[in-house]
2 protein chains.
Amino acid sequence: MEKSSVNNNQKVAKPANHRATSYDVARLAGVSQSAVSRCFKAGASVSAKTRAKVMKAADELGYQPNAIARGLITRRSNIVAVITTEFTNLNYPEMMSHLNAKLSEHGVHILLFTVGAASDMRAVLDQIWQYQVDGIIAASQFSDDQIAQCRKRGIPLVFYNRVFSDSSISSVGCDHFEGAKLLVEHLLSRGHKRFAVYSGPNDSAVAQERLQGAVTQLKQAGAHFDVYQGDYTYDSAAASTVEMMSSARELPQAVICANDIMAIGCIDTLRAKFGLRIPEDLSVVGFDGIAASKWQAYDLTTIVQPLERMVEATVSMLMERIEDSSIPAEKRQFGGKLNIGLSA
Amino acid sequence: MEKSSVNNNQKVAKPANHRATSYDVARLAGVSQSAVSRCFKAGASVSAKTRAKVMKAADELGYQPNAIARGLITRRSNIVAVITTEFTNLNYPEMMSHLNAKLSEHGVHILLFTVGAASDMRAVLDQIWQYQVDGIIAASQFSDDQIAQCRKRGIPLVFYNRVFSDSSISSVGCDHFEGAKLLVEHLLSRGHKRFAVYSGPNDSAVAQERLQGAVTQLKQAGAHFDVYQGDYTYDSAAASTVEMMSSARELPQAVICANDIMAIGCIDTLRAKFGLRIPEDLSVVGFDGIAASKWQAYDLTTIVQPLERMVEATVSMLMERIEDSSIPAEKRQFGGKLNIGLSA
DNA sequence: CTGAAAGCGCTTACAG
DNA sequence: CTGAAAGCGCTTACAG
């Protein structure tokens, strides 16, 4: 207050370091604060003369509208929560990059959350409510109660590569069931008759779909197969391989893995521990199409998920529901592309 | 206004779906709005009785304080911008998970930006200013001008694994120079005398440090070596390997790669295209300690970056500077751990 | 410990 | 096209 005596025809001297506000710009440009606001709103009616004055002043002060204040009044934060798990192995940086690019087209930003244990989800959701996000993209599991909370709060939610039977839930995914069938068909066409199937974790619906797709097709063909429990990791596949090699009376001709990482673990173990050649002695196939699947050491036959298409669909589905919350749920499933490598 | 006649002892009937505000809670609990606010502020003085009433009401209404409104008045968004590039290959999901965990301890959230081309940076920074982030963690390159802008706006900035000679810039990194020297020392101790060095991209200061570390140590030992230009990618290493094998009069005994991905590309190519054995015919070493470096097919001798320590340091350095902007810049460099695998 | 009031930096009818 | 004014949902002196 004492400082105001220095320049008594202004409210109070702003500290030098203060971020410029629309009032500062208005004063410098000699217009009202509302005029400044309009200049930063697309499609608002402002005369060219006013706009020029305002833009000049804004530039001078390094003014940028405060998105936080804007969000408070428009009730649109232009922020979307993205929830992933630590164990997402599907070309994570690439996916994030696409996600960022697609959301940017809508002027939307990503508030990122990584959940480990299921117990974290509660805390994460609390944070999400507090930040008034416009929507949620979840690449993690939700409980029914958590989904209900989103609905009650009117926050659109789209799942990425998660499977829910409930038809009122929106999700984008790859057709894991069909993908697995495609792989099996391919192996059958190569004359394979005895199979091993390395499953993913039991609590992953995606892993179960892949398993069912493979099993269904194998049974239909009357092929012989054994299932080995895994959990998507390299080590689990290595362990299953040791178990398989020591217990099987007759070697399988092909191993169908729940994902690429497991296929890699299987191949490495077959080669290093048992001196087998891939694909001469045994075929191995994966699922996902991660970068390493193309490395010459593996050159996996696998199902490549159409990452960019899936991300694009996720974003457009979410944005539609942010614009109009009455749009009913939708499930979109993309067929994966069978990539025939040298591993089978 | 017409609607107020319906229930004239309240302001206006809130729409059913409206998110509860502190006023709603206050009304239901029969206290003032300030009292509600205090109940959600740690360390504020509220009687147990008032707190109980408020919490009960808040629970009933599903009330959570609006972090956006809070940020507006406290000038603390509790949001930090994290800028990465599409090509970060260093255990990205793991790093993000640690980052998220460490920042959560401070009640801080991540606004994620992925930059591709340098041209994107301008747009990204504009967005960052608008969102009033409390600080920036950058795993991407900044121009001098961009760094100056952060400083002018008083936004703390910490670089992650980027090298700047300017001592007024805070950064956390791995000691790439020493790491590369360690690798060379190890190879020399195994009796190697002729080397190939696969460099990373020229515009990466980190890659240059690794290169200089290796070259310095090789020169000091009087060893013979050739440098092949690469760009951190698998394909660039594969190409360099073909070039090396067709041009070198005498095969090198060891290949020093700028990162693990290149070491893998090199090994795959030596094996697949030239039928060589690793390490019997040739040693190959990498840098980073990515997950794939431990796969049996490679079992790389490499420098493992202490991811968690580095993330922890980044977060604590940033938080310190958010609390007190007068703290001078700091550079922290962690020694990498030499992991001796079977590739050398 | 508690409540009334001002204000954070915007947007948006409203009247001119 | 333009400006004065109200209000988004909070926090925080201030007075009691």
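A, B, ... follow the sequence lines: proteins, then strands. Residue 1 opens every chain.
Nearer to the 5' terminus of DNA chain D, by closest-nucleotide assignment, is the contact made by B:Ala69 (compared with the other of B:Lys41 and B:Ala69). Comparing B:Gln33 and A:Ala44, the nucleotide of DNA chain D nearest to each residue sits closer to the 5' end for A:Ala44.
At the heavy-atom level, B:Arg38 lies under 4.0 Å from base atoms of the strands shown. Contact annotation for B:Ser45: base contact, defined as any heavy-atom pair under 4.0 Å involving a base atom. Nucleic acid contact class of B:Thr74 (heavy atoms, under 4.0 Å, all strands): sugar-phosphate only. Backbone-only contact: A:Ser47 has heavy atoms under 4.0 Å from sugar-phosphate atoms and none from a base. A:Tyr63 comes within contact range of the sugar-phosphate backbone alone, with a heavy-atom separation under 4.0 Å but no base atom that close.
Rounded to an integer number of Å, the gap from CD of B:Gln64 to P of D:dC10 is 10 Å. Between B:Arg75 atom CZ and D:dC10 atom C1' there is a gap of 14 Å when expressed in whole angstrom units. Rounded to whole Å, atom P of C:dG9 lies 12 Å from atom CG of A:Leu72. Distance NZ (B:Lys49) to P (C:dG3): 12 Å, rounded to an integer number of Å.
Applying the 4.0 Å criterion to OP1 and OP2 of C:dG3, one finds that B:Ser32 has a side-chain N or O inside that range. For the OP1/OP2 pair of D:dT2 and a distance below 4.0 Å, the side-chain nitrogens and oxygens of A:Thr50 include at least one atom meeting the criterion. Distances shown here put every side-chain N or O of B:Arg51 at or beyond 4.0 Å from the OP1 or OP2 atom of C:dC1. For C:dC10, the OP1/OP2 oxygens have a side-chain nitrogen or oxygen of A:Ser22 closer than 4.0 Å.
Aromatic ring centroids of A:Phe142 and A:Phe164 lie 6.0 Å or more apart.
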